[in-house]
Each structure stands twice: as C-alpha cells, then as structure tokens.
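Step one of this worksheet: look at the structure below.
None of these values were measured; they are calculated from a predicted model. Just so we're on the same page: letters track the sequence lines, and every chain starts at 1.
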Amino acid sequence: MNNKKNILLVILLLTMVSLAAISVEEGQLLLTKIDQQSNFEGTNLSALMTMIAEDPDTGIEKTKVLQYRSDDDDKFLLLIQEPAVKKGQGYLLIEDNLWFYDPESRKFSHTSLKDQFNNSDANNSDFNASSLAKDYVVRTISEGTLGSYAVYVIEVEATNNEVTYPTQKLWVTRQGNLILKSEDYSAGGRLMRTSYYPSYAKAGEKVIPTKMIFVDELIKGKKTTITLGDISVKPISATVFTKAYVERVNK
Amino acid sequence: MRKNLLVFILCLLILTPILAVDEEALFGSSFDDDLFGGDDFLVEDISETEIDLEQLMLTDEAGITLGGSYSFSITPGWSWNLDNETDTGTLATDLSAKLFFDARPSADIRVFGKAVISYPFDEVENKRTFSDILSIKELFSDFSIHDRLFLRVGKQTLNWGVGYFFSPADLLNLSEIDPSDPDKELEGPLSVKMNMPLGIDNLYGYVIVPEDAKDITDAAVAVKYEKVIGKSELGFGAYYRNGQAPAAMVTLSSGIGDVSVFGEGMLSYGSDKKYLKNDYSTYYENPDDRFYFSATAGANFTWNDKESDRSVTFAAQYYYNGEGTNLNTVILMPFQNNGYHYGATSVSFMLTKKVSVGLFWYGNMEDLSGLVKPSITWKPVDAVSMTLGLNGTYGDIGDEFTMVGRMLGVSLGFTLGEANF
C-alpha cells in the first residue's frame, strides 16, 4: 500500500514538473513573440537617445544620438547630435548594408553590425530590428526569478555567423515576454557583456526598451547606459534613410 | 509515513535542479535586485514627443553653429644621404586652425563654409601667397527640390572614388590622395552636385566649373550611379570636359568577413598628364589617340581585442597607373605617378590607450624604390603626443624615391594643445 502511495507521489511530482516546465519548442515560439512585439512593423520609430559611457581610464562621455527605425524596410539611421566634434557622424542601415558616414572625409564606408557603436559597450546591432527567432535556436529553457519578476531563462545559440554574439542567455518575463537581462558570450564561451533592460515603453502591442545598460565583463568598471526619450511612432519620410539626408545634416 | 516523507524529500532533492536553476547564482547579484527588485512599472505607454525629430538636425535654434579645430606641432629631425654621405638637420613646424560655420535659417536650406589658416603668416619672407595662409576649403549651400533631388552648390569636396591610398577613379577633386597621409581632406572644385536617391541606389550629376573657366564650354560634366548588390556597392561614372581626355570609371566596395575590400578602374581616351623631359625645358605628353586604363584594389580591417585596449588597423593597396611615364623623362606632376605599378601598406598597433606603433610602406614596384616609415607614438594626456619616427628610402640613385640617393631620417615630433571645438 505504502509503495503505491510512493509511486503516486513521484508521478504527481513529475506531472507538476512537466506542467510547470516549458519546452524548447515553446521557447523558440517565445523568441518569435519577442521579435513580433519588438519590431515596429506597419509604423516607424524615432527617438532621442542619451548615451553615458563610463570607462575607468577615460572617464565619462555623454553622447546624444537620434535614432530612426523603419523595420518594415530593414532600415535604420543613427545620427550623433552631441558632442559637437562628432555631430553628423551617422550609421545608415539599408537591408544588408551598413554605412558609416564621416563628416570630415565626407565619405561613406561599409561597416558591420557587430562593431561597437561609437566606442561604447553598445554594438550597432543593438539598434536594429529584433531577429532572435531567425538568428538563434533555443538550447535550454527553464523557469526562475529575476528580482521580483518571474522569468524564463533561455540559452540560445546562433544559427549563422552574422550575429554579434554566438551564444546568449536571456531572462524573459513570463508575463509580457520582455527581455530583462542577457548575458552575451563569445564563440569560446567567454562572457563578454551583460545587458540589462529595466524599463520599456509601449505603443499598442509594440514595446521598446527605454533604458539599456551594457556592462563590459572584461574590463571592470566599464559600462554604457542608454536612455530613450522623445519617442515618436509617427511615419518617417523615406528621404531620412538616404545618403543625401545624412550629408545634409552633417557639419 | 516517515518513508513517504523521505521519498518526497528525495524526489525534491533530485528534481530541484530540473525545476529551476540556482537562483542565487543567476539572479542573486545586488545589481539584479537593484534593477528588478522594486515594484516600479516596467512598461509605460509611449507619450508621443512634440519635437519634430526629422527636422531636429536640419535646423538650428541659434541659426548658426561655429566650430573648428586647432593644431600645433614641432618636429626636429636629422637626415642622412646614405649615397652621398651628407647629413642635414630639419625642423618642421605646423600651426594651423580650421574654422567652419554651419548656418541653417530653415530646414530647407543650409549654408556651410570652412577655412584653414596656417603658419607662417609672413607672405614676403616665406614666399607664401595670401591664399596659402588663408584658404577656403569649402563654401556651399544644400537644398532640395521636393525632397526628391538634393543639390549642393559651391566649392565642395566630392565623394567620388573608394580607394584609400590611391584613387584613379577620383576624376573630380582638385587634389589627390597623399599616400603618406590618406586621411587628409581633399580639396574639391566649384561645382553643382545633384543627388537623386533611387531606393537603396543613388544617381549623381555634377557640373564643375574649373578655376580657369572663361565661358560655359569650359565647364565639365560628370555622372555617377551607385548600385547596391547584396553587401557590395558598385559605382559607375563618366567625366567630360571640352579639351580634356574623357574618362569613365567603375568602383566596387564590399566586405569579406570583417575585411573591407575595394577596387577601382578608370578608362580614359587620351591623357592630360605632362612630364618634364631630361633637359628640364620641354614637356612630353602622352599620346591622345589611345585609351589608358588604370586600376587599383585593396583591403583594410580593424581588429579590436575586446579584453584589452589593444587593436590592429591594417590597410594595403595595389595601384596600376596606366598613364605611367616614359622612362626617359622625369615626371613633373603629379610626382607620385611616376611608373606603372605601386603599392602601399600601413599597419598600426594600439598597444595601450597611450602607446601605439605603426609602419607605413609606399613603393614603386617597377624600379623597386620606396619609402618605409616605422614610428612609435606616446600620448600621455589628451592634449600632448610625441612621435618618434624613422624615415628611410631605398632604391638606386635616379629611381623615383631615391632621385638624389637613399635617405635615412629620424625625427621626434611633439603635438601640443590640439583641440576640436
């Protein structure tokens, strides 16, 4: 009789586990949901970003950047507004091409989404539309908490070598599918960066992090904090995403 | 009952690692708790900004922005002629300021000007003209026609070729790239530039007014079409001016992994280059009844060590100068274009944020003469840097880089108080 009870108890616990757990396949669907709610399809996004880069060697540098995104067309434009010496430097992404514009030489040069943005801890890819479901597969997924939030902890691995980080560990809220934190690893499995997304803004079903903190895990004390203000979801003129516009706004 | 309890505890012990990852290890840091431990609203509704972000950088609250840069350097040095066994001391000074204004009376138009003032300021004693001391580098206005056709009118640097050390396709700018200072700003002509974006591609038209133009027939015209294919960009252009050799060019810029690659080809019917003959009194010109083809290809990349301040920047380029020269003549202008085959390479290693080393090579691959410049730079503070450099030429006497013999120089340059404003 006791044996039967024990077996029932084990079955009950295993059932609880299976009910509570989320499968890898469901994790992959979760990535799709994150992409869908992070991408401003059918509309555009523009914002004024304030970037504070802290470096133990060089001190604190403040940069103001105008961000324009047209996710439907795979386009973005980042324009440095401050400091004055960098005003007009721009990053223009159109489909697979990312150009950097240097107002001094008046030349556009091809650059990579993997590169650091303005020597900060942010990468150019941090400002692109989200494509987690396309670029990564879920390896493991489990439940946990982050502070006071119930989250899924997802380990993902890149499906291509176009991504900035080959593996990532994501902390995603179970309600709302918001990425709160990610650990970004090199191909060798070394933790390169930890990213935090403590606040979001919402327009309809779409969300965008309004604060991002990128902590350099290799150089102690080095981090970059980005806050988004003056957000607009109004349509952006197609002329903004042209070399002509970038040339016009520069010094 | 005890047995049941034991089984239950055992199951929990076994299953705990499956149920959840070690929370302390994952989320236990104070930073995590600081950020995510409170009851603050994580998501807020977007309140649409009242600022017109599209117009923000096209306008200026003050109406005009002034800025520029200041540089001062002094470089004592010593050089030896290894073939003639002579030596001489040198002292190079550079004092200059770049000033610009950027006036934006409305979002539809802006006027921009940039001038450079450089030392020495005495015209007579130093045989400098007023325009050497104060030179207008750019003066133009930007406007558009219905946001479809974008015009830049005035004296302006034109973005035409893609080469780094050499750019045979750059048919428009007045100055050529100096391979030993490839980032130096080029001087452009007085021109009307028209740009029509065609989706991701661009169409450009140019009307160039040369300084020596007497009437409208002296104006030059050029067109360029930039076509993006995948991750590559192709450019096709043509240039025509009455009395000069008409030319067409093609450019390519692309990437292979993290390496940027680029190439140019230029075809002209006739040549406008003049060469001084050995008697130094008469000129030799290339025949005009044939085609000349020049081409270049190169690559560059930057590697940053994410675990330190170290980085490597590398650039290399080959240049086939189809206009070349007659081997019996001494080239007059431009001096750099003597010969048919050239190469240039630069590599710099950033060892720390304050110390970097570099190596530059520029050579004529035909007469096997060239220039090699290793250097080390120390930047103890932002406004001060010191560069110790060697400067050596190799080749036979009479070769392009060793006309008067092989030279070996050493210099110690101080850059002080450099600033942008």
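Note that OG1 of B:Thr49 and CG of A:Leu228 are 11.5 Å apart. Values are rounded to the nearest 0.5 Å. Note that the OG1 atom of A:Thr239 and the CZ atom of B:Phe150 stand 5.0 Å from one another [nearest 0.5 Å]. Note that CG of B:Leu35 is 4.5 Å distant from CD1 of A:Ile213, once rounded to the nearest 0.5 Å. Between B:Tyr164 atom OH and A:Ser109 atom OG the span is 11.0 Å, to the nearest 0.5 Å. Going from atom OG1 of A:Thr173 over to atom CG of B:Leu42 covers 7.0 Å, rounded to the nearest 0.5 Å. Atom CG in A:Asp230 sits 11.5 Å away from atom CG in B:Asp52 (nearest 0.5 Å).
We find that A:Glu95 and B:Lys231 are not joined by a salt bridge, their nearest charged nitrogen and carboxylate oxygen being 4.0 Å or further apart. By the 4.0 Å N-to-carboxylate-O rule, B:Glu54 lies too far from A:Arg248 to be salt-bridged with it. Using a cutoff of 4.0 Å between basic side-chain nitrogens and carboxylate oxygens, B:Lys353 and A:Asp55 are scored as salt-bridged. Checked for salt-bridge contact, A:Lys107 and B:Glu185 miss the test: no charged N lies under 4.0 Å from a carboxylate O. Under a 4.0 Å N-O distance rule, the pair A:Arg106/B:Glu138 qualifies as a salt bridge.
Interface remark: B:Asn195 contributes side-chain atoms only to the contact with chain A (heavy atom separation under 4.5 Å). Using a 4.5 Å cut-off between heavy atoms, B:Ala107 contacts chain A through its backbone alone, with no side-chain atom that close. Both the backbone and the side chain of B:Ser253 have a heavy atom closer than 4.5 Å to some heavy atom of chain A. If you measure heavy-atom distances from B:Leu53 to chain A, the contacts under 4.5 Å come from both the backbone and the side chain. Both the backbone and the side chain of A:Lys234 come within contact range of chain B, with heavy atoms under 4.5 Å apart. Only the side chain of A:Glu162 comes within contact range of chain B, judged by heavy atoms closer than 4.5 Å. Heavy-atom distances place the backbone of B:Phe421, and not its side chain, under 4.5 Å from chain A. Of the two parts of B:Asp45, the backbone and the side chain both hold a non-hydrogen atom closer than 4.5 Å to a non-hydrogen atom of chain A. If you measure heavy-atom distances from B:Glu226 to chain A, the contacts under 4.5 Å come from the side chain alone. In this structure, chain B has a heavy atom under 4.5 Å from the backbone of A:Ile80, while its side chain stays farther away. Interface residue B:Asp147: backbone and side-chain heavy atoms are both found under 4.5 Å from chain A. B:Thr59 does not touch chain A: none of its heavy atoms, backbone or side chain, sits under 4.5 Å away. Residue contact with chain A, scored on non-hydrogen atoms closer than 4.5 Å, is absent for B:Lys354. Interface residue B:Lys98: only side-chain heavy atoms are found under 4.5 Å from chain A. Residue contact with chain A, scored on non-hydrogen atoms closer than 4.5 Å, is absent for B:Arg148. Heavy atoms of A:Tyr68 lying under 4.5 Å from chain B belong exclusively to its side chain. If you measure heavy-atom distances from B:Ser232 to chain A, the contacts under 4.5 Å come from the backbone alone.
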Can you list the steps and then say if A:Glu104 with B:Lys137 is a salt bridge (Lys or Arg N to Asp or Glu O under 4.0 Å)?
CA-CA 12 Å; A:Glu104 290 300 317; B:Lys137 295 296 180 188; over 6 Å; no

Starting from the C-alpha separation in whole Å, work towards a yes-or-no answer on side chain to side chain contact (heavy atoms under 4.5 Å, CB included) for A:Val233 and B:Glu48.
CA-CA 7 Å; A:Val233 290; B:Glu48 182 76 29; 3.5 Å; yes

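Contact count versus chain B (heavy atoms, under 4.5 Å) is highest, among A:Ser237, A:Ala238, A:Ser105, for A:Ser237. Among the candidates A:Leu178, A:Ile231, A:Ile94, the residue making the largest number of heavy-atom pairs closer than 4.5 Å to chain B is A:Ile231. Each of B:Val228, B:Asp258, B:Leu58 has some count of heavy-atom pairs under 4.5 Å with chain A, and the biggest count is that of B:Leu58. If you tally non-hydrogen atom pairs under 4.5 Å between each of B:Asp142, B:Asn202, B:Ile200 and chain A, the highest count goes to B:Ile200.
By the neighbour-count criterion of 12 heavy atoms within 6.0 Å, atom CG of B:Asp382 is sparsely surrounded, having that number or fewer from other residues, nucleotides or ligands.
Side chain of A:Gln81 to backbone of B:Met57: no donor-acceptor contact under 3.5 angstrom is found.
Considering only heavy atoms from C-beta on, A:Ser148 stays 4.5 Å or farther from B:Phe36 through its side chain. Side chains of A:Trp99 and B:Glu233 form a contact here, defined as non-hydrogen atoms less than 4.5 Å apart.
When all heavy atoms of A:Ala201 and B:Ile46 are compared, the closest pair comes out as CB-CG1, 3.4 Å.
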